[in-house]
Structure formats: C-alpha cells, structure tokens
Amino acid sequence: MMKLYKAIINFIIIFIIISCTNFKTLERRANDTNFVAPPDMEFFGFRYESFDTNFKRVELFATNAKFYEKNKDIQLYDTRSYTYQADGTVAARVSGQFLTVNQNTLFTEIYTNVVVKSSNNTTLYSEHIQYDNSNRFLKSPVPIKVIQEDGSWLTGSSLESDLGLEFITIYDEVDEGNNIGVPIAE
C-alpha cells in the first residue's frame with residue numbers, strides 16, 4: 001500500500017512539472033539569435049596532420065576544438081600550427097589563443113597573442129590576424145610589430161601581406177629600430 005501511495009505522489013509531481021512547462025517558449029529560445037547552441041563535436045587535446053603525397057604539409061595542435069556543423073564553424077583554443085616544405089623544414093609557424101575557421105571558405109581568424117614566424121625569419125606579432133584562403137592573403141586590422149631577421153623592427157596600425165611574409169604592407173608605420181627587449185610573449 002505504501003509503494004502505491006509513493007508511486008501516485010511521484011506521478012502527480014511529474015504531471016505538475018510537465019504541465020507547467022511551456023514548450024513553445026523553449027522552441028522560440030532555441031531560434032533566438034542570442035542563443036548559443038552547444039558544439040556538435042568537441043575534442044580536448046586536439047591534433048591535426050595533413051599530408052600531400054608522401055610529405056607532411058600541416059601540423060596543428062590545440063588544447064580544445066569545437067565543431068559547429070550548422071554554422072560550418074570550427075573554434076580552436078591555444079593553437080600552434082606548423083606548415084612544412086617538401087624537404088621537411090618548417091615553412092611557417094603560427095600560434096594564438098583563439099582561432100575560428102569557416103568550413104566553407106576556410107577564412108581563418110586568430111585572436112590574442114598571435115605570433116607568425118616565416119621561413120625567412122620574419123616574425124609578426126599581433127592581437128588579431130585574418131587569413132583569406134581564396135586569395136592566400138594575410139591581414140591584421142589592429143596594431144602590429146614585425147621583427148626582421150637582422151633584428152630591425154617595424155610597428156604600425158595594421159598590415160597586409162602574403163602568407164610567406166615576403167611582401168608586407170604596413171599602414172601608419174610609426175617606428176623602426178633595433179629589437180630591444182621582449183615583445184609579446186611567444
């Protein structure tokens with residue numbers, strides 16, 4: 001008799017909870033523009049390697065990777081990426097705290113403590129880098145610092161460059177000199 005009594009009370013409580021829930025507002029909330037859906041896939045300790053024929057082209061490490069299929073968006077945290085030449089030497093190294101990639105266009109944005117080092121020993125420091133894969137074009141809309149192989153450096157309000165950092169355009173160049181001290185932590 002006591003078990004029947006507890007079952008009836010549990011049934012009444014479940015019925016009250018379900019009847020008080022407005023499922024129409026839950027559906028509207030999911031379609032709201034401010035609603036952030038959870039990722040479709042999430043990996044911790046993410047590693048990606050890409051090979052072209054018989055040699056490694058790209059190697060990427062991230063502490064966390066989130067994949068959003070609906071938005072076709074990938075988000076990576078604490079990233080380091082290496083691109084390799086055919087002989088196995090590192091052609092470029094890119095690191096940053098937060099990276100987003102559009103899966104359709106491969107347009108990439110890297111934020112916070114971004115460091116790009118090319119094979120010609122040119123190093124770019126910035127807080128925001130954009131990479132347009134279709135035009136193979138690098139852009140930084142925020143202040144930058146470029147340190148060249150001989151230790152000289154340039155700073156400016158923004159930058160446009162090719163991926164190899166060979167043809168660089170720095171806007172509002174404000175300084176040139178010797179590399180003294182330590183720039184943004186690498």
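The shortest side-chain heavy-atom distance between Leu138 and Ile129 falls under the 4.5 Å cut-off. Leu159 places a side-chain heavy atom less than 4.5 Å from the side chain of Ile168. Side-chain contact check for Thr169 versus Ser161: every heavy-atom pair is 4.5 Å or farther apart. You'll find the side chain of Gln75 reaches within 4.5 Å of the side chain of Tyr68, heavy atoms only.
Scanning all heavy atoms of the two residues, the minimum distance from Ser119 to Val90 falls at CB-O, 4.0 Å. Taking each heavy atom of Ser95 and Arg80 in turn, the nearest pair found is CB-CG, 4.1 Å. Minimum heavy-atom separation, Glu127 to Val142: N-CG2, 4.0 Å.
Between Ile147 atom CD1 and Leu124 atom CG the span is 9.5 Å, to the nearest 0.5 Å. To the nearest 0.5 Å, the span separating CG on Asn104 from NZ on Lys72 amounts to 6.5 Å. With rounding to the nearest 0.5 Å, the separation of CG in Leu99 from CD1 in Ile110 is 5.0 Å. To the nearest 0.5 Å, atom CG of residue Asn121 and atom CD of residue Glu149 are 4.5 Å apart. Put simply, CG on Asn102 and OG1 on Thr105 are 3.5 Å apart, with the number rounded to the nearest 0.5 Å.
A donor-acceptor pair under 3.5 Å links the side-chain atoms of Asn120 to the main chain of Thr122, judged by distance alone. Panel note: side chain Ser140, backbone Ser126; no donor-acceptor pair is recorded below 3.5 Å. Side chain of Asn135 to backbone of Phe137: no donor-acceptor contact under 3.5 angstrom is found. Judged by distance alone, the side chain of Asp78 and the main-chain N or O of Thr63 form no donor-acceptor pair under 3.5 Å. At least one donor-acceptor pair under 3.5 Å links the side chain of Thr83 to the backbone N or O of Ala92. With Asn64 contributing its side chain and Phe44 its backbone, the two residues share no donor-acceptor pair below 3.5 Å.
Contacts of Arg47 classified as side chain to side chain donor-acceptor pair (under 3.5 Å), with partners at least two apart in sequence or in another chain: Glu49, Glu59.
Criterion: ILVMFWY side-chain heavy atoms under 4.5 Å apart, direct or through other members. Under it, Leu60 and Tyr111 are not part of a common hydrophobic cluster. Cluster membership for Tyr48 and Ile74, using ILVMFWY side-chain heavy atoms within less than 4.5 angstrom, is shared.
Under the 6.0 Å cut-off for aromatic ring centres, Phe43 and Phe67 qualify, their centroids lying closer than that.
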(request) Could you walk me through whether Tyr84 and Arg57 pass the side-chain contact (heavy atoms from CB on, under 4.5 Å) test, one step at a time? (result) CA-CA 5 Å; Tyr84 295 94; Arg57 289 290 282 164; over 6 Å; no
(request) Give the C-alpha distance, both sets of side-chain angles, the deciding distance and a yes or no for side-chain contact (heavy atoms from CB on, under 4.5 Å) between Ile144 and Thr155. (result) CA-CA 6 Å; Ile144 55 93; Thr155 59; 5.8 Å; no
(request) Check the pair Val115 / Asn113 against side-chain contact (heavy atoms from CB on, under 4.5 Å), numbers first and verdict last. (result) CA-CA 6 Å; Val115 179; Asn113 289 337; 5.7 Å; no
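Within 6.0 Å of NZ on Lys66 lie more than 12 heavy atoms contributed by other residues, nucleotides or ligands.
A cation-pi arrangement is absent between Arg93 and Tyr82 under the rule of less than 6.0 angstrom and at most 45 degrees off the ring axis.
Partner of Tyr131 under the side-chain contact (heavy atoms from CB on, under 4.5 Å) criterion, out of Val101, Thr108, Leu106, Val94: Thr108 alone.
The aromatic rings of Tyr77 and Phe98 sit tilted, their planes meeting at an angle between 30° and 60°.
Inspection of the Glu160 and Tyr171 side chains reveals an N or O donor paired with an N or O acceptor under 3.5 Å.
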